[in-house]
Amino acid sequence: MLEINFIEANQEHVINLLTSRQLKNAAELVAHAITINKERKITQQAYDLVASKAKEVSKEIEQLLKTGQKDAAEARKADSMQFKDALKKLDTGLKQHQKDLQETLYNIPNLPHAGTPIGKDEQDNKIISEVKPLPTAAANTLPHWELIEKYDLIDFKLGNQLAGAGFPVYKGKGARLQRALINFFLDEARAAGFEEIQPPILTNATSAYATGQLPDKEGQMYQLAGEDLYLIPTAETPITNLYRGKILPKQTIPIQHVAYTPCFRREAGSWGKDVRGLNRLHQFDKVELVVITLPSLSYPTLETMRQYVEGLVTKLALPYRVLSLCTGDLGFTSAATYDIEVFSIGQDRWLEVSSISNFETYQTHRMQTRYKEADGTTHLLHSLNGSALALPRIMAALLELNYDGDKITMPKILTKYLDFECIR
RNA sequence: GGAGUGGUGGCCGAGUGGUCGAAGGCGCUCGCCUGGAAAGCGGGUGUACCAGUCAAAUGGUACCGAGGGUUCGAAUCCCUCCUACUCCGCCA
């Protein structure tokens, strides 16, 4: 979340940037946060003063008791009781202010980076690059859901039987292809210097707040009945939270992790052709990159991550384009985001397979993830993450593009991961 | 799941009601010593908030797993929760 001192010192700037991302009540939220913070400071000062006096009295009582002045000590106790009552009220007020401030800040999204295109919604996202010319559909081109059925790669009906819509069952070569892709992505990331992690796929509310899934995505996560646990919507949540509350030595930075996990999303409100086949699922696999680095390095890192992900889709020989998300389409916690979309020839549309974001200090402030300078001062780090990649849509684009009416030919790069060259 | 014992600073570890943000050691760091190093000697070494300042120095408050409670006063006593270890049970 944003730092209150920064908001206070840059009110106009903050309001303008928040407004640019279509936040309606930016001025109101900012004013509210500043007011609460002022009250908080006043209360804190009062509390500290009274607490200090109460301590003094306690020490006096101690001395009186030691020197045998029992009556005098008893008299001082009465004074101390008064301080105690006052402190209790002040403490309640202070906690309330702190809570109010935190809740207000929780509901203020990140500020867009200067390079982020200004825009209202996804229509205004800027196309950075696009592979041309796009492959053209042949007479025998099919959408992936038909190929999946034709070759018995994935069974949605069985998924319905086991869990419900959006929980596909991968079978035979379908399952093996998916596993091959996961291994390919993990190996590539490792070669690029990312350390592999296998995290829990359940997360507690504290972690979900720290990375910003809560309160923003409340209702999009599956929650376990009677438990303070959620199924992770992305590996970003557990991996980034590895560093919650840590002050890292400078030489360990940057932190670079890769993790393969299933991801779970309720996708409430989604419908229509968007959810056909593999386009949108409640459970899907994803390989995710997380980087925690110095503020001065985070934007170069964002570019490096983008190039890395472009390299993956290139190796899979999939036509793709890169979008820079506009202010109106930016995720709640992000300052700058690139989306990588692959072309689905069977659907004649683009499918988002990666989202690469720089959160600057938004997450690290909530997490209190810092580093120590040589002069002993501590500073917040920057966090980034990016999908590399989301499996189902890659699978969809891959099957459609490589189908020639007779068979589906596997990409060359997967040779060492598969013991079959094509699906017939 | 049952029974028991614990959770203290970067790490180890003392501390069972006051002078304890916390002994001691290790680590790290600065200085001395040395041709250089080791050893030795001396100093420093948590975080947050508030006040203060150009910045600092400095002062105040809070924090000994988390949250409540008792008390003039809590790392220390009580309650709840989390968690680790040992034994038993169960088990991939």
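Naming: A, B, ... by sequence-line order, numbering from 1 per chain.
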Can you tell me how far C1' in B/G21 sits from the matching atom in B/U47, rounded to whole Å? 11 Å
Take atom P in B/C64 and the same atom in B/A23, then report the distance between them in whole Å. 15 Å
Can you check whether A/Ser52 has a side-chain N or O nearer than 4.0 Å to OP1 or OP2 of B/U61? yes
Between A/Glu74 and A/Lys77, is the closest basic N to carboxylate O distance under 4.0 Å? yes
Answer for the Watson-Crick or wobble partner of B/U34, both distances under 3.5 Å, is none
What is the distance, to the nearest angstrom, from the CG atom on A/Asn204 to the P atom on B/U83? 10 Å
Across all strands, who's sitting opposite B/A23 as a Watson-Crick or G-U wobble pair, both distances under 3.5 Å? none
Taking NZ from A/Lys53 and P from B/G73, how many angstroms apart are they, rounded to a whole number? 17 Å
Using the C1' atom on both, measure B/C90 against B/A3 and round to a whole Å. 16 Å
Please check this pair: side chain of A/Thr104 against backbone of A/Ala33, looking for a donor-acceptor N/O pair closer than 3.5 Å. no
Look through every strand shown and name the nucleotide pairing with B/A92 as Watson-Crick or G-U wobble, where both distances are under 3.5 Å. none
Looking for any heavy atom pair under 4.0 Å, which part of the strands does A/Lys372 touch: base, sugar-phosphate only, or nothing? sugar-phosphate
5' priority, RNA chain B, between A/Thr378 and A/Ala78 [closest heavy atom]: A/Thr378
Can you tell me how the ring of A/Tyr209 sits relative to the ring of A/Tyr106, calling it parallel under 30°, perpendicular over 60° and tilted otherwise? tilted
Would you say A/Arg40 places a side-chain N or O within less than 4.0 Å of OP1 or OP2 belonging to B/C50? yes
Could you give the CG-to-C1' distance, from A/Leu87 to B/G73, as a whole number of Å? 12 Å
In the structure shown, which nucleotide is the Watson-Crick or G-U wobble counterpart of B/U86, with both distances under 3.5 Å? B/A3
Interatomic distance at C1', B/G43 relative to B/C33, whole Å: 15 Å
Under a 3.5 Å limit on both distances, the Watson-Crick or wobble mate of B/A75 is none
Where the side chain of A/Asp48 is concerned, which of B/C72, B/G69, B/G60 is the nearest nucleotide? B/G60
What does the list of N/O pairs under 3.5 Å between the protein and nucleotides 15-22 of chain B look like, with a distance for each?
residue : atom : partner : partner atom : Å
B/G18   : O2'  : A/Glu62 : OE1          : 2.9
B/G18   : O2'  : A/Glu62 : OE2          : 2.5
B/G18   : N2   : A/Ser58 : O            : 3.1
B/U19   : N3   : A/Lys66 : NZ           : 3.3
B/U19   : O4   : A/Lys66 : NZ           : 3.3

Taking the cut-offs as 6.0 angstrom to the six-membered ring centre and 45 degrees off its axis, would you call A/Lys173 and A/Phe420 a cation-pi pair? yes
Take atom CG of A/Leu101 and atom P of B/C49, then tell me their distance rounded to the nearest Å. 12 Å
Rounded distance in Å between the P positions of B/G4 and B/G9: 27 Å
Remember a base hit wins even if backbone is also touched, and classify A/Lys246 as base, sugar-phosphate or nothing at under 4.0 Å, heavy atoms. nothing
Report yes or no: does A/Gln220 contribute a side-chain atom to a donor-acceptor pair with the main-chain N or O of A/Glu267 at less than 3.5 Å? yes
If B/U47 has a Watson-Crick or G-U wobble mate with both distances under 3.5 Å, name it; if not, just say none. B/A62
Please determine which of A/Gln368, A/Gln363, A/His257, A/Arg370 meets the side chain to side chain donor-acceptor pair (under 3.5 Å) test together with A/Tyr243. A/His257
Watson-Crick or G-U counterpart of B/U53, or none if no pair lies under 3.5 Å: none
When A/Gln98, A/Gln96, A/Gln102 are each screened for side chain to side chain donor-acceptor pair (under 3.5 Å) with A/Asp100, the one that passes is A/Gln96
For A/Tyr47, which contact category applies under a 4.0 Å heavy-atom criterion: base, sugar-phosphate, or nothing? sugar-phosphate
Is the backbone of A/Gly331 close enough, under 3.5 Å, to the side chain of A/Arg21 for a donor and an acceptor to pair up by distance? yes
Pair partner, B/U70 [Watson-Crick or wobble, under 3.5 Å]: none
For B/G15 and B/C88, measure between their C1' atoms and round to the nearest Å. 34 Å
Angle class for the A/His379/A/Tyr371 ring planes (parallel below 30°, perpendicular above 60°, tilted otherwise)? tilted
Closest-nucleotide ordering on RNA chain B, the 5'-leading residue of A/Lys77 and A/Asp91: A/Asp91
Rounded distance in Å between the P positions of B/A57 and B/A48: 14 Å
More than 12 heavy atoms of other residues, nucleotides or ligands under 6.0 Å from CZ of A/Arg176: is that the case? yes
Please report the distance separating the C1' of B/C54 from the corresponding atom of B/C49, rounded so that it comes out in whole Å. 22 Å
Residues passing the side-chain hydrogen bond (donor to acceptor under 3.5 Å, both in side chains) test with A/Lys315, sequence neighbours excluded, are A/Glu188
Starting at atom CG of A/Leu94, determine the distance to atom C1' of B/A48, rounded to an integer number of angstrom. 12 Å
For B/A48 and A/Arg370 - does any side-chain N or O of the residue sit under 4.0 Å from the phosphate oxygens OP1/OP2? yes
Taking atom types as modelled, is there a side-chain donor on A/Ser334 or A/Asn110 under 3.5 Å from an acceptor on the other? no
Which protein N or O atoms sit under 3.5 Å from an N or O of nucleotides 51-56 of chain B?
none

A/Glu3 CD - B/A48 P separation (whole Å): 11 Å
Just how far, in rounded Å, is C1' of B/A48 from CD of A/Gln98? 10 Å
Take atom CG of A/Leu90 and atom C1' of B/A62, then tell me their distance rounded to the nearest Å. 14 Å
